[in-house]
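Please find one structure pasted underneath; my questions will follow.
Predicted model only: the values in this text are computed from it and were never measured.
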Amino acid sequence: MKFALGLLVIITLAAVSFVSVRQGEPVAGVGVDVDLVRYMGLWYAVASIPTTFEARCAQGTTAYYALLPNGQVEVTNTCYDTAGAPSRVVGRAWVPDPRDPSKLKVSFVRLLGISFFPADYWIVDLAANYSYAVVGHLDGTFGWILSRTPTLSDDVLAGIYERLGARGYRRDQFVAIDQTRNLSKRLPAGG
């Protein structure tokens, strides 16, 4: 199972990397105001544009970011299938240009300490208090709405979708993620 999930991630990220070079207007990141230390920790995925590597994910999707001593970020994505079985994949993210930490690269394929098939991971919207963030892809075809809590209010979501619309995303691209399993408990560090 983990091998299959990993293989899907590899194939998807390779395709995403290829497509991002060839398509559309770039989505702008939020700029140099991202404090990566504040960004670290547990995030709940509230909604996303569905991807093939998340096809098994039926509920409880989270991302946990941990800053490493070398300045890279360990990314741990966890979700649960319809039977409640967890799937977890760990990757690395880094900031190619320190002048704009809202634009990261992420890879879930590492061999001998080298990251392969990196894909763009841009923070395209971020609450001033870091209570929510939106991560997108260069061409606007990938996106995740993340929150420090399992849910966001309708008003906050409406504002996010309005700003995403101004960046070229469509509201109907996003599908709500079932966070019911996380509403009554706090996940341990690491997702």
Side-chain angles (χ1 to χ4, degrees), residues 5 9 12-13 16 27 29-31 33-51 53-68 71-81 86-95 100-108 118-138 140-161 163-164 167 169 173-191:
L5 179 62
V9 169
T12 302
L13 289 178
V16 166
V27 174
V30 294
D33 294 334
V34 174
D35 178 348
L36 284 181
V37 172
R38 286 185 72 191
Y39 193 78
M40 297 300 104
L42 180 64
W43 292 90
Y44 298 89
V46 175
S48 70
I49 298 171
T51 62
F53 57 87
E54 294 173 309
R56 284 191 56 235
C57 299
Q59 57 183 317
T61 302
T62 60
Y64 186 85
Y65 305 107
L67 195 58
L68 300 171
Q72 291 186 350
V73 176
E74 183 176 79
V75 179
T76 304
N77 292 336
T78 305
C79 70
Y80 299 84
D81 66 17
S87 271
R88 181 171 285 156
V89 62
V90 178
R92 290 285 174 93
W94 62 93
V95 178
D100 191 354
S102 70
K103 296 177 182 175
L104 294 92
K105 292 280 189 182
V106 66
S107 171
F108 290 93
D120 292 319
Y121 177 103
W122 288 14
I123 302 167
V124 299
D125 195 6
L126 181 64
N129 65 359
Y130 289 66
S131 61
Y132 67 80
V134 180
V135 177
H137 190 265
L138 260 183
T141 59
F142 292 86
W144 293 266
I145 298 174
L146 306 174
S147 174
R148 294 294 190 179
T149 59
T151 61
L152 287 171
S153 72
D154 290 342
D155 291 345
V156 170
L157 275 172
I160 290 170
Y161 285 126
R163 289 184 297 281
L164 285 174
R167 292 180 179 275
Y169 287 94
Q173 291 176 281
F174 287 84
V175 174
I177 295 173
D178 179 2
Q179 286 292 346
T180 306
R181 72 174 290 112
N182 294 321
L183 287 172
S184 62
K185 65 178 182 173
R186 176 94 168 111
L187 292 181

Heavy-atom closest pair, residues Pro101 and Ile123: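 Smallest heavy-atom distance, with atoms named: O-CD1, 4.4 Å.
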Trp122 six-ring centre to Lys103 NZ/CZ under 6.0 Å and within 45° of normal: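 Verdict for Trp122: a cation-pi partner in Lys103.
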With Tyr169, the side chain to side chain contact (heavy atoms under 4.5 Å, CB included) member among Leu164, Asp125, Val134: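 Single pass found, and it is Leu164.
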Donor-acceptor contact below 3.5 Å, side chain Gln179 vs main chain Gln59: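 Not confirmed, Gln179 side chain does not pair with Gln59 backbone.
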Leu152 vs Ile160, side-chain contact (heavy atoms from CB on, under 4.5 Å): CA-CA, chis, key distance, verdict: CA-CA 10 Å; Leu152 287 171; Ile160 290 170; 3.9 Å; yes
Shortest non-hydrogen contact between Met40 and Leu67, atoms and distance: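 Scanning both residues, the minimum pair turns out to be SD-N, 3.3 Å.
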Separation between CG of Asn182 and OH of Tyr80, rounded to the nearest 0.5 Å: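 The OH atom of Tyr80 is 6.5 Å from CG of Asn182, to the nearest 0.5 Å.
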Nearest heavy atoms of Ser48 and Trp144, plus distance in Å: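 Answer, listing the atom of Ser48 first, then Trp144: CB-CD1, 3.4 Å.
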Neighbour count >12 (heavy atoms, 6.0 Å) for atom CG, Asp154: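 Not more than 12 within 6.0 Å, no.
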Shortest non-hydrogen contact from Cys79 toward Thr61: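 Reported closest heavy-atom pair: CB-OG1, 3.4 Å.
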Leu42 vs Tyr64, side-chain contact (heavy atoms from CB on, under 4.5 Å): CA-CA, chis, key distance, verdict: CA-CA 4 Å; Leu42 180 64; Tyr64 186 85; 3.9 Å; yes
Check: Arg92/Ser107 side-chain N/O donor and acceptor closer than 3.5 Å: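 Absent: no donor and acceptor within the cut-off.
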Trace of the side-chain contact (heavy atoms from CB on, under 4.5 Å) decision for Val73 with Val106: CA-CA 9 Å; Val73 176; Val106 66; over 6 Å; no
Heavy-atom pair with the smallest gap, counting every atom of Tyr130 and Asp35: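 Taking every non-hydrogen atom into account, OH-N, 2.7 Å.
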Any donor-acceptor N or O pair under 3.5 Å, side chains Asp155, Ser153: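 Ser153 and Asp155 do not have a side-chain donor-acceptor pair below 3.5 Å.
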Rounded distance (nearest 0.5 Å) linking atom CG of Leu157 with atom OG of Ser147: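 Between atom CG of Leu157 and atom OG of Ser147 there are 8.5 Å.
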From Thr62 atom OG1 to Arg88 atom CZ, the distance as rounded to the nearest 0.5 Å: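 Here the rounded value is 7.0 Å.
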Parallel, tilted or perpendicular: rings of Tyr39 and Trp43 (30°, 60°):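 Aromatic pair Trp43/Tyr39 classed tilted.
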Step-by-step side-chain contact (heavy atoms from CB on, under 4.5 Å) determination, Asp120 to Phe142: CA-CA 10 Å; Asp120 292 319; Phe142 292 86; over 6 Å; no
Closest approach of Tyr44 to Pro150 (non-hydrogen atoms, all atoms of both residues):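 For Tyr44 versus Pro150, the nearest heavy atoms are CD1-N, 3.6 Å.
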Side chain Arg167, main chain Val124, donor-acceptor under 3.5 Å: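 Yes.
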